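My structure is below; once you've seen it, I'll send some questions.
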Amino acid sequence: MPAKKTAPTKTASTADVAATYIAGQPPDKRVLLEKLRGLVAKGAPDAVPAIKWGVPIYAVNGKNVCALASFKDHVAINFFAPPRLLVDPAHRLEGAGKTSRLLKVRTAGDIDSPSIVRWLKAAVAANS
C-alpha cells in the first residue's frame with residue numbers, strides 16, 4: 001500500500017525560503033516584499049512557501065495561491081485565481097491570462113492592504 005500523502009505543514013524551514021529570497025533583494029525591494037509577505041500571512045495564513053521558478057510561491061493543500069517576485073523596477077504579487085474572482089474596480093491588477101493576475105508594486109503607496117488581503121482570500125477560496 002502506498003504511503004498516504006499529507007499536505008506540507010508550515011515550519012521554520014519552509015517559512016525561511018521566502019525570507020531567504022527576500023533577504024537577497026536590494027534594500028528598497030526588500031522593504032516592499034516584507035510588507036507583502038506580512039499580508040500573505042494575514043490573507044492566506046495556512047499558505048506554505050516554496051521556491052518555484054526562482055521565486056517564493058505560496059500554496060494551500062498543494063495548490064498555488066500567490067507568488068512574490070522582484071523585478072528591475074518593481075516587485076509583484078501574483079494571485080492565482082480566475083480574474084472574475086479578483087474584484088478590482090480600480091483596475092490595478094494586470095495580466096490577460098485566465099488563471100491569474102498580478103499587482104506591480106513600485107512604492108509602499110502602491111500597497112492597498114485591504115484589497116491585497118481580499119484578493120489573497122479569493123485565491124485561497126478558488127484553490128480550495
Side-chain angles (χ1 to χ4, degrees):
M1 176 186 270
K4 182 179 177 185
K5 290 186 178 180
T6 58
T9 57
K10 192 181 282 190
T11 64
S13 61
T14 59
D16 289 347
V17 298
T20 300
Y21 172 84
I22 292 169
Q25 303 308 311
D28 58 328
K29 292 185 175 58
R30 197 167 39 230
V31 169
L32 299 173
L33 288 166
E34 283 293 349
K35 288 182 183 193
L36 292 173
R37 189 174 117 184
L39 293 174
V40 172
K42 288 180 183 177
D46 295 329
V48 177
I51 298 295
K52 297 180 188 175
W53 308 295
V55 299
I57 305 285
Y58 290 81
V60 175
N61 296 323
K63 295 186 179 182
N64 295 342
V65 172
C66 71
L68 299 178
S70 180
F71 298 92
K72 183 178 179 181
D73 65 346
H74 65 277
V75 300
I77 182 168
N78 192 3
F79 304 95
F80 298 107
R84 64 182 166 71
L85 300 179
L86 300 170
V87 178
D88 182 24
H91 304 287
R92 297 186 65 215
L93 296 176
E94 299 182 27
K98 295 180 182 178
T99 59
S100 69
R101 287 292 181 266
L102 142 96
L103 176 68
K104 289 183 180 176
V105 177
R106 291 177 178 85
T107 69
D110 294 336
I111 298 176
D112 175 1
S113 298
S115 292
I116 292 170
V117 169
R118 185 177 68 247
W119 293 327
L120 286 162
K121 289 180 179 182
V124 169
N127 290 295
S128 295

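No experiment lies behind these values; they were computed from the predicted model shown.
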> Do I77 and W119 touch side chain to side chain, with heavy atoms closer than 4.5 Å?
Replying inline: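 A side-chain contact is absent here, since even the closest heavy-atom pair is not under 4.5 Å.
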>> Would you say that S70 contacts L33 through its side chain, given a criterion of any heavy-atom pair below 4.5 Å between the two side chains?
In response: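 SC-SC contact between S70 and L33 confirmed.
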>> What I'd like to find out is whether the side chain of V40 reaches to under 4.5 Å of the side chain of L120, using heavy atoms alone.
In response: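 The answer is yes, as the side chains (C-beta and beyond) meet within the 4.5 Å cut-off.
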> Say you draw a straight line from OG1 of T20 to CD1 of I51; how long is it, rounded to the nearest 0.5 Å?
Replying inline: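 If I round to the nearest 0.5 Å, the distance is 7.5 Å.
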> What's the shortest heavy-atom distance between I57 and A67, and which atoms?
Replying inline: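 The answer is CD1-CB, 3.4 Å.
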> Considering all heavy atoms of both residues, which atom of R106 and which atom of D73 are nearest to each other, and what is their separation?
Replying inline: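 Nearest heavy atoms, R106 then D73: CG-O, 3.5 Å.
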> Can you tell if the side chain of N78 reaches within under 4.5 Å of the side chain of C66, non-hydrogen atoms only?
Replying inline: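 No. Closest side-chain heavy atoms not under 4.5 Å.
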>> Quick check against the 3.5 Å criterion: does K29 have a side-chain atom that pairs as donor or acceptor with the backbone of K72?
In response: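 Answer holds: yes.
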>> Looking at F80, is its backbone amide N or carbonyl O close enough to the side chain of N127 to form a donor-acceptor pair, meaning the two atoms are under 3.5 Å apart?
In response: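 Yes, N127 side chain to F80 backbone: donor-acceptor pair under 3.5 Å.
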> Under a single-linkage definition using a 4.5 Å side-chain heavy-atom cutoff for Ile, Leu, Val, Met, Phe, Trp and Tyr, are Y21 and V31 assigned to the same hydrophobic cluster?
Replying inline: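 They do not share one cluster, since no chain of ILVMFWY contacts under 4.5 Å joins Y21 to V31.
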>> So for atom NZ, which belongs to K52, do other residues, nucleotides or ligands contribute more than 12 heavy atoms lying within a distance under 6.0 Å?
In response: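 Counting other residues, nucleotides and ligands, NZ of K52 exceeds 12 neighbours.
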> Under 3.5 Å, side chain of R92 to main-chain N/O of D110, donor-acceptor pair present?
Replying inline: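 Such a contact is found between R92 side chain and D110 backbone.
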> Is there a donor-acceptor contact under 3.5 Å from the side chain of R30 to the main chain of I22?
Replying inline: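 Here the side-chain-to-backbone pair does not exist.
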>> What's the separation between atom CG in L68 and atom NZ in K35, rounded to the nearest 0.5 Å?
In response: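 That separation rounds to 14.5 Å.
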> What's the shortest heavy-atom distance between A76 and L102, and which atoms?
Replying inline: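 So the minimum-distance heavy-atom pair works out to CB-CD1, 2.9 Å.
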> Under a single-linkage rule joining Ile, Leu, Val, Met, Phe, Trp and Tyr whose side-chain heavy atoms are separated by less than 4.5 Å, which residues share a cluster with V60?
Replying inline: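 Answer for V60: V65, V124.
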> Are R101 and D88 side-chain neighbours, meaning at least one heavy-atom pair lies under 4.5 Å?
Replying inline: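 They are not in contact (no side-chain heavy atoms under 4.5 Å apart), so the answer is no.
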>> Please evaluate residues L39 and I111 with respect to the criterion side-chain contact (heavy atoms from CB on, under 4.5 Å), reporting the C-alpha separation (whole Å), side-chain torsions for both, the decisive distance (0.1 Å), and the verdict.
In response: CA-CA 10 Å; L39 293 174; I111 298 176; 3.6 Å; yes
> At their closest point, which heavy atom of A18 faces which heavy atom of Y58, and how far apart are they?
Replying inline: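 Reported closest heavy-atom pair: CB-OH, 3.3 Å.
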> How would you list, by chain and number, every residue that makes a salt bridge (charged side-chain N to carboxylate O under 4.0 Å, His left out) with K104, sequence neighbours excluded?
Replying inline: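 Counting only residues at least two positions away or on another chain, K104 forms a salt bridge (charged side-chain N to carboxylate O under 4.0 Å, His left out) with E94.
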> Looking at L85 and A126, what are the two nearest heavy atoms and their distance?
Replying inline: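 Heavy-atom minimum between the residues: CD1-CB, 3.6 Å.
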